[in-house]
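Written out below as structure tokens is the structure these notes cover.
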Amino acid sequence: MEQDLTYFYEFGEQVEQRISKLAQFETAYPPRVKRQHTSTQAIKLLEMAEATWPTDSADKPHIDVAVAGRLVGIRVMGKTAFAHIEDGSGRLQIYLRQNDLGDEAYHHFKKGFDLGDFIAAQGYLFRTKMGEISVHVTDFQLATKAIHPPPEKWHGLKDLETRYRQRYLDLSSNAEVRAVFAKRSKIVTLMRRYLDGQGFLEVETPTLQPIYGGAMARPFVTHHNALDMRLYLRISDELYLKRLIVGGFEKVYEICKDFRNEGISTKHNPEFTMMECYWAYADYQDMMTLTEQMIAGIAQEILGATQVMFNGQLLDFTPPWRRLNLVEAIREKTEIDIFETYGDVDALWAECQKLKLKVAPQPSWGKLVTEILGEYVEPGITHPTFIYNYPIEVSPLSKQNPADPRMVERFEVFVAGMEIGNAYSELNDPITQRARFLQQQTTADKDAEAHAMDEDYVFALMQGMPPTGGLGIGVDRVVMLLTDQPSIRDVILFPHMRPRE
RNA sequence: GAGUCGUUAGCUCAGUCGGUAGAGCAGUUGCCUUUUAAGCAACGGGCCGUGGGUUCAAGUCCCACACGGCUCACCA
């Protein structure tokens, strides 16, 4: 079948040259090749054989292997050639000699193979003069031809835009990037393992929601054609998970994507991964303990320590983490006692003006309090810190604090100036809950993030939800901290990008 | 959304005062039978992000736009 290659030729001279080499192969994309050892397995085989080999022996162990991987370095020296292949386990050197392979096969390797191609090679293991374990190749086959040249072998791929858009190039040429995402995977696994170990049940709740809720954020809107109805991509799974507590599950969690229609930054991606868990008969104090135990445990497991370097500063995740009352935290940083203006946004605003605080005007007292928190407290937090007891009006799903009815039993966790978690003693009184939703509606015209009324959720609470502690953890941000990546884009495989052109 | 910096060969980067577009890696050809960022020699490879403008002459100066980074804003 003749094919029009003009499209591919536009990629440049090197693509054209590689395409012309395809004729040297029966097929450049065989259905399968024989691979019996990974690079690391092959290396271990020889190391183990050497360890038991008699030291006075004249000959050496002979171990046949069949390996395969991407060609990442080729050094042809006349009638002999060295190359490095890279597979999922690591790098391995292969060695080809014209004497052993025959003129035709050796020439075929020299003229037909390029960096980036996948090769399968069979042969026996040996050590070079320099001591590197290598495969002395007796036979080889092309596994897959790469018709586009790879990024530069020494510097790797640097251009950030290309790294994010063509993540496969980033991964294939930057081993440290692969390590970050492998660590991310492990962090999520360990999070599941911890929660499973505590008896939590992993569940799945809707991404498409007729009413969005559980957080203060603007949603993405979509449409169901057959039902002709507006749907929102979830900003949180909170209200569904609590319905499950009503239903009788006592410990549930979900790790899923949330979608928030807001700005993009080094700390925000429009879709991000959230872990939320709900625990009957627990409260927000219990969730603090769970949070520090879980994250310190994960850090210990993957880093071998509960202290970690992030962005040039040492963070200490060793429990117990600092617990700081919100009112105290604000007083400490601004000398404002927010209770002196309790409930009066104008009075608090006047106080801020008097002290020349750099805060933006807010529609309510509670929002202004969290604004002050965001501007004056959060940026100064380095080590993991629980800020607890939040204004009631910014926490419509949270239970009032019996000791201080102006506040709710809620905390947020901050590390390195970044919020990584949010938790409540969950409000379970349906009458109060409905009133709180209604109260949100009074500022809805001024506040795009006001929580919507959810009658179905109130109905669920009418059946009775036991006292419950709930927690949300921003998984991407935890990964940032534990992998020392200051930008969320470096822990999300395919971060959001504007389309080209 | 605002400010700011960036966009040059497949990749990493130079490019002076506005005067014929450069290097390393990668590629092609030749030499080279234990190299490892192999080495030596020769050669090929450019929409200088896009579109306007100034100028005898623009990669370079001016304007607009696109995309990206950072800071701020928005936001948890």
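So you know, we letter chains A, B, ... as the sequences are listed, proteins then strands, and number each from 1. For the numbers below, each heavy atom of this structure counts, side chains included, while hydrogens, waters and symmetry mates do not.
- The nucleotide whose nearest atom lies closest to any side-chain atom of A/Glu132 is, among B/U36, B/U33, B/C75, B/U36.
- Rounded to a whole Å, the CZ atom of A/Phe109 is 14 Å from the C1' atom of B/U33.
- Residue A/Thr128 places a side-chain atom within donor-acceptor reach of the base of B/U35, judged by atom type and a 3.5 Å distance cut-off alone.
- Under a cutoff of 6.0 Å and an axis angle of 45°, A/Arg410 and A/Tyr390 form a cation-pi pair.
- For the pair A/Arg127 CZ and B/U36 P, the computed distance is 18 Å after rounding to whole Å.
- Among the heavy atoms of the strands, none lies under 4.0 Å from A/Lys358.
- Salt-bridge check for A/Arg184 with A/Asp476: passed, with a basic side-chain N closer than 4.0 Å to an acidic carboxylate O.
- Taking the side chain of A/Lys153 as heavy atoms from C-beta on, and the options B/U28, B/A37, B/G69, the nearest nucleotide is B/A37.
- For the P atoms, the distance from B/G68 to B/C56 is 38 Å, rounded to whole Å.
- Of all nucleotides listed (B/G69, B/U28, B/C67), B/C67 comes nearest to the side chain of A/Glu161.
- Residue A/Lys111 has its side chain nearest to B/G30 when only B/G30, B/C74, B/U35 are considered.
- Checked against B/U34, B/A73, B/C32, the side chain of A/Phe82 finds its nearest nucleotide in B/U34.
- Listed nucleotides B/C75, B/G44, B/U36 differ in distance to A/His268; the shortest reach to its side chain belongs to B/C75.
- With A/Asp484 contributing its side chain and A/Asn311 its backbone, the two residues share a donor-acceptor pair below 3.5 Å.
- Using a cut-off of 4.0 Å between Lys/Arg side-chain N and Asp/Glu carboxylate O, A/Glu86 and A/Arg70 are scored as not salt-bridged.
- Look at A/Arg218 and you won't find any side-chain N or O under 4.0 angstrom from OP1 or OP2 of B/C75.
- Here B/G1 is the nucleotide among B/G1, B/G10, B/C32 with the atom lying nearest to any side-chain atom of A/Arg498.
- With hydrogens and angles ignored, no donor-acceptor pair closer than 3.5 Å exists between the side chain of A/His155 and the base of B/C11.
- The P atoms of B/C43 and B/U4 are separated by 46 Å, rounded to the nearest whole Å.
- Residue A/Gln93 places its side chain closer to B/U36 than to any other of B/G10, B/U36, B/U34.
- Rounded to whole Å, the separation between the P atoms of B/A57 and B/C5 comes to 29 Å.
- Nucleic acid contact for A/Met497: sugar-phosphate only, since backbone atoms but no base atoms lie under 4.0 Å from a heavy atom of the residue.
- Ion pairing between A/Glu409 and A/Lys399 fails under the 4.0 Å rule for side-chain N and carboxylate O.
- Side-chain proximity of A/Thr266 to B/C70, B/C11, B/U34: nearest is B/C70.
- Judged by atom type and distance alone, A/Glu152 does not reach the base of B/A26 through any side-chain donor-acceptor pair under 3.5 Å.
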